[in-house]
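Treat the numbers as computed from the prediction; the structure is a model and nothing was measured. Below, chains carry the letters A, B, ... as their sequence lines are ordered, and counting in each starts from 1.
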There are 2 protein chains.
Amino acid sequence: MQNITDIIEAYLKQILHDQKKIEIKRQEIAERFDCVPSQINYVINTRFTIEKGYFVESKRGGGGYIRIQKIVILDSHDLLDEMSRWIGNDLTQQAAEDYLIRLVNEQLLTRREAIVIQSLLQKESLPMALEDQRRMRAHLMQTVLQTIKRL
Amino acid sequence: MQNITDIIEAYLKQILHDQKKIEIKRQEIAERFDCVPSQINYVINTRFTIEKGYFVESKRGGGGYIRIQKIVILDSHDLLDEMSRWIGNDLTQQAAEDYLIRLVNEQLLTRREAIVIQSLLQKESLPMALEDQRRMRAHLMQTVLQTIKRL
DNA sequence: CACCTCTCTGACCATCTTTGACTATTATTT
DNA sequence: AAATAATAGTCAAAGATGGTCAGAGAGGTG
């Protein structure tokens, strides 16, 4: 946890812990952590994705901003359907892990369950060409989502 | 006990004696013991395997690490290893269900966990020729058995 | 000595992070 | 309306780690 990305991520999440939404100025954050502005984009693109449950908006030009919100979906059924739609028929290993973590946070899965599922979705478990792997992973994840509904 | 592998192994295990988990930087350890970085991989691959009761994770790139955890060896590991042997690389849907029921009875899985796994091993989840399906199912089940060890 | 197994090394690969030049968009000023 | 200023976005290259693998080296055994 000495790389800037993790530090900035922690900083933003800590704020989001108290507030549901934050609005930052890219340049300001970059200055505060002494990094280039595009670093902030990297943090957002890798740590505040839809898979992880965040919604990001931004505006350029004078008075520009980046706004980050934690997505709250009250009805778990809806969350499962949303996830299903997001996934479609293509899913990377990283995205799968992010979704599983989200499901654990939403208490739709236990940590143990997520670990087992994750192990089945990792590339070592899907011995096939990369493209097929992602399709297969998506297919299995869809099954998981449907199964959770009946648990 | 004069070769570097043993020395590094002892060093790491001594730390693991006090802590359940350690996180190292490959390069740092290599420097400390004056060896090439890949030596660390050798140590890990030969001395910190799942069979020996260790679980290892890592991350590359800036802020990368290697994390080693000691997992508790249970008697039930024998059962898991036996099942693994029985299954080999071919598993029917019915047999899979039977194994899962057994695992639930042995309290190695919860009912919910078994249901999720079963849903992933059913034929609808494995869209491929029947023969491949059975091989794939066996492969996934093997993953499950290994994963259970570190739950 | 011949042979086998375990260890060690280094070249090459894969993945994640950081940086900066260039681009796109919006607001403000002329 | 056009020019300028103020922001944010994109992308590819460089940097920072860890992983793999094949071959060389070392130690033991018949």
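- Taking atom CD of Glu31(B) as the reference point, atom C1' of dT17(D) lies 13 Å away to the nearest angstrom.
- Contact annotation: Tyr42(A) does not reach the phosphate of dT18(C) (side-chain N/O to OP1 or OP2, under 4.0 Å).
- The CD-C1' distance, from Gln2(A) to dA16(D), rounds to 11 Å in whole Å.
- No N or O donor and acceptor, one from the side chain of Arg60(B) and one from the base of dG19(D), sit under 3.5 Å apart.
- At dG19(D), none of the side-chain N or O atoms of Lys59(B) fall inside 4.0 Å of OP1 or OP2 (strictly under the cut-off).
- Per the geometry, CD belonging to Glu23(A) stands 10 Å off P belonging to dA8(D), to the nearest Å.
- Of the listed nucleotides (dT20(D), dT10(D), dT18(C)), dT18(C) has the atom at the smallest distance from the side chain of Thr5(A).
- The nearest whole Å value for the distance from the CD1 atom in Ile66(B) to the P atom in dT17(D) is 12 Å.
- Side-chain atoms of Arg137(B) come within 3.5 Å of backbone N or O of Leu91(B) as a donor-acceptor pair.
- Contacts of Gly62(A) with the nucleic acid, taken as non-hydrogen atoms under 4.0 Å apart, include base atoms.
- Glu57(A) and Phe55(A) make their closest contact through CG-CE2, 3.5 Å (heavy atoms, listed as atom of the first residue, atom of the second, distance).
- In this structure, Ser38(A) reaches the bases: a heavy-atom distance under 4.0 Å links it to at least one base atom across the strands shown.
- Between the CD atom of Gln39(A) and the P atom of dC16(C) there is a distance of 15 Å, given to the nearest Å.
- No side-chain N or O of Gln94(B) forms a donor-acceptor pair with one of Thr92(B) less than 3.5 Å apart.
- Neither side chain, Arg134(B) nor Asn89(B), offers a donor N or O lying under 3.5 Å from an acceptor on the other.
- Each of Gly61(B) and Val36(A) lies near DNA chain C, and the nucleotide nearest Gly61(B) is the one positioned closer to the 5' end.
- The side chain of Lys25(A) lies closest to dT7(D) when the candidates are dG18(D), dT7(D), dT17(C).
- Rounding to whole angstrom units, CZ of residue Arg67(A) and P of dG9(D) are separated by 13 Å.
- Ile4(A) comes within contact range of the sugar-phosphate backbone alone, with a heavy-atom separation under 4.0 Å but no base atom that close.
- Ser58(A) has a side-chain polar atom (N or O) that falls below the 4.0 Å cut-off from OP1 or OP2 of dG9(D).
- If you check dA8(D), dT7(C), dT17(D) against the side chain of Gln27(A), the one that comes closest is dA8(D).
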What verdict does the side chain to side chain contact (heavy atoms under 4.5 Å, CB included) test give for Leu126(A) and Leu140(A), after you've listed the backbone C-alpha separation in whole Å, the side-chain angles of each residue and the deciding distance to 0.1 Å? CA-CA 11 Å; Leu126(A) 305 174; Leu140(A) 293 174; 4.0 Å; yes
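- Rounding to whole angstrom units, CG of residue Asn41(A) and P of dT23(C) are separated by 17 Å.
- With DNA chain C read from its 5' end, the first of the two nearest nucleotides for Cys35(A) and Gly63(A) is the one closest to Cys35(A).
- For Arg47(A), counting side-chain heavy atoms from C-beta on, the closest listed nucleotide (dC8(C), dC6(C), dT17(C)) is dT17(C).
- Of the side-chain N and O atoms in Arg26(A), none sit less than 4.0 angstrom from OP1 or OP2 of dT10(D).
- Rounded to whole angstrom, the span from the CD1 atom of Ile29(A) across to the P atom of dA8(D) amounts to 10 Å.
- Remark: side-chain polar atoms of Glu28(A) are not paired, donor with acceptor, to backbone N or O of Lys25(A) under 3.5 angstrom.
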